[in-house]
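The structure under discussion appears below in the form of structure tokens.
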Amino acid sequence: MRIATWNVNSLKVRLPQVLDWLLEQEKAETPIDALCLQELKMPDDKYPLAELESAGFHSVFTGQKTYNGVAILARNATMATPADVVRNIPGYDDPQQRVVAATYGDVRLVCAYFPNGQAPDSDKFTYKLGWLQAMTAWLQAEMAKYPKLALLGDFNIAPEDRDVHDPKKWEGQNLVSPPERDAFKALQALGLADAFRLFEQPEKSFSWWDYRMFAFRRNAGLRIDHILLSPALRDVCHACVIDRVPRTWEQPSDHTPVVATLATGA
DNA sequence: ATGGCTTCGTTTCGAAGA
């Protein structure tokens, strides 16, 4: 099973790229079985269900106008009907649509768009830390229920200095600050492993580059999009890569996909 | 250098992203 995450920064704008990318994976015989999307930026009635269905993918999603919105696309040919669909963090009252989860066979996929946080001294940062705490508590219960669990998404946290193009310049700032990194470690302490770091990787591997200042050309990026795996899935993970190609396309998202390959037997 | 770029809303620029 190949699973992926991609913050598309507007599904309306990026739908053709999502379809192109999925089709290319099919042609390369490395089909994506499940793709988690973040920042749909559209209400549910604008979700391109039919187009994705024609491309061979069914969806679970939760959207909102202008901001946020998440979806899990699953390949009809290989993926079971989603069960136990959950939208948002149960018991955590939040109008922002940032989480959707579903079970495919015995694999639980959690797609999340973590709050940005804006700046460590802002109200949005306080919201980010509270959200992270609620997410961590809920995931602990989810992992007890579903041993084969993957958490995919835009975490808006660069876990270590090697995930930052210029650690000195970024020190203490939003996305890299100690409280955020501690929250990431709390997720790891649940037993969730950073799939990307299970393997040897090129130096300066990033998943996001600012649109400004030719950041992609200079590889001035951050690794903030992640796939975290429960022990049962970590043990069967064969590869995890960042696919930089969509970031090279015309009118790209500022994020690029992260892909993990699992030997689930399905 | 609080800029730089992109998206959305309903604008004729502001907010937000990261």
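Any value given below was found using the heavy atoms of this structure, including those in side chains, with hydrogens, waters and symmetry copies removed.
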Between [N] ([atom2]) and [X] ([atom1]): distance, integer Å:
X	N	atom1	atom2	value
A/E250	B/dT7	CD	C1'	17 Å
A/E39	B/dA16	CD	P	13 Å
A/D254	B/dC8	CG	P	12 Å
A/L175	B/dA16	CG	P	16 Å
A/R14	B/dC5	CZ	C1'	12 Å
A/E180	B/dA18	CD	C1'	11 Å
A/H255	B/dA18	NE2	C1'	7 Å
A/L222	B/dG17	CG	C1'	13 Å

Inset, instruction - Measure from NZ or CZ of A/R181 to the centre of the six-membered ring of A/F184 and say whether it is under 6.0 Å with the direction within 45° of the ring axis. - result: no
Among residues two or more places apart or on two chains, list those pairs meeting salt bridge (Lys or Arg N to Asp or Glu O under 4.0 Å) that have a residue in [range].
range	value
residues 53-67 of chain A	none
residues 125-150 of chain A	A/D106-A/K148, A/R108-A/E142, A/K128-A/E180
residues 66-90 of chain A	A/E26-A/R75, A/D33-A/R75

Inset, instruction - Name every residue in residues 203-220 of chain A that has at least one heavy atom under 4.0 Å from any atom of DNA chain B, in order of residue number, or write none if there are no such residues. - result: A/W208, A/Y211, A/R212, A/M213
Inset, instruction - Residues of residues 153-164 of chain A with any non-hydrogen atom less than 4.0 angstrom from an atom of DNA chain B: list those, numerically ordered, please. - result: A/D154, A/N156
Expressed in whole Å, how much space separates the [atom1] atoms belonging to [N] and [M]?
N	M	atom1	value
B/dA16	B/dG4	C1'	15 Å
B/dC5	B/dA18	C1'	12 Å
B/dT2	B/dT12	P	25 Å
B/dA15	B/dG3	P	12 Å
B/dT10	B/dT6	P	23 Å

Inset, instruction - Drop me the distance from A/Q140's CD to A/L187's CG, to the nearest 0.5 angstrom. - result: 10.5 Å
Legend entry - Along DNA chain B (nearest heavy atom to each residue), the more 5'-positioned of A/L11 and A/N174: A/L11
Inset, instruction - May I ask you to say what A/N7 touches in the nucleic acid, namely base, sugar-phosphate or nothing, with a heavy-atom cut-off under 4.0 Å? - result: sugar-phosphate
Inset, instruction - Answer yes if A/I157 and A/I89 sit in the same cluster of Ile, Leu, Val, Met, Phe, Trp and Tyr residues linked by side chain heavy atoms under 4.5 Å apart, and no otherwise. - result: yes
Legend entry - Centroid-centroid under 6.0 Å between A/W138 and A/Y92 rings: no
Kindly say if [X] contacts the phosphate of [N], meaning a side-chain N or O under 4.0 Å from OP1 or OP2.
X	N	answer
A/Q251	B/dT7	yes
A/T66	B/dG9	yes
A/K41	B/dA16	no

For [X], which residues count as a salt bridge (Lys or Arg N to Asp or Glu O under 4.0 Å) partner, sequence neighbours excluded?
X	result
A/D94	none
A/D210	A/R212
A/E24	none
A/R197	A/D163

Show which side-chain atoms of residues 40-51 of chain A pair as donor or acceptor with protein atoms under 3.5 Å away, not counting sequence neighbours.
unit_1: A/K41; atom_1: NZ; unit_2: A/N9; atom_2: OD1; d: 2.7
unit_1: A/D44; atom_1: OD1; unit_2: A/G63; atom_2: N; d: 2.6
unit_1: A/Y47; atom_1: OH; unit_2: A/S59; atom_2: OG; d: 2.9

List, one per line, each side-chain donor-acceptor pair under 3.5 Å for residues 236-244 of chain A, sequence neighbours excluded.
unit_1: A/D243; atom_1: OD1; unit_2: A/V245; atom_2: N; d: 3.0
unit_1: A/D243; atom_1: OD2; unit_2: A/W21; atom_2: NE1; d: 2.8
unit_1: A/R244; atom_1: NH1; unit_2: A/N219; atom_2: OD1; d: 3.3

Between the protein and nucleotides 10-14 of chain B, which nitrogen or oxygen pairs are less than 3.5 angstrom apart?
none

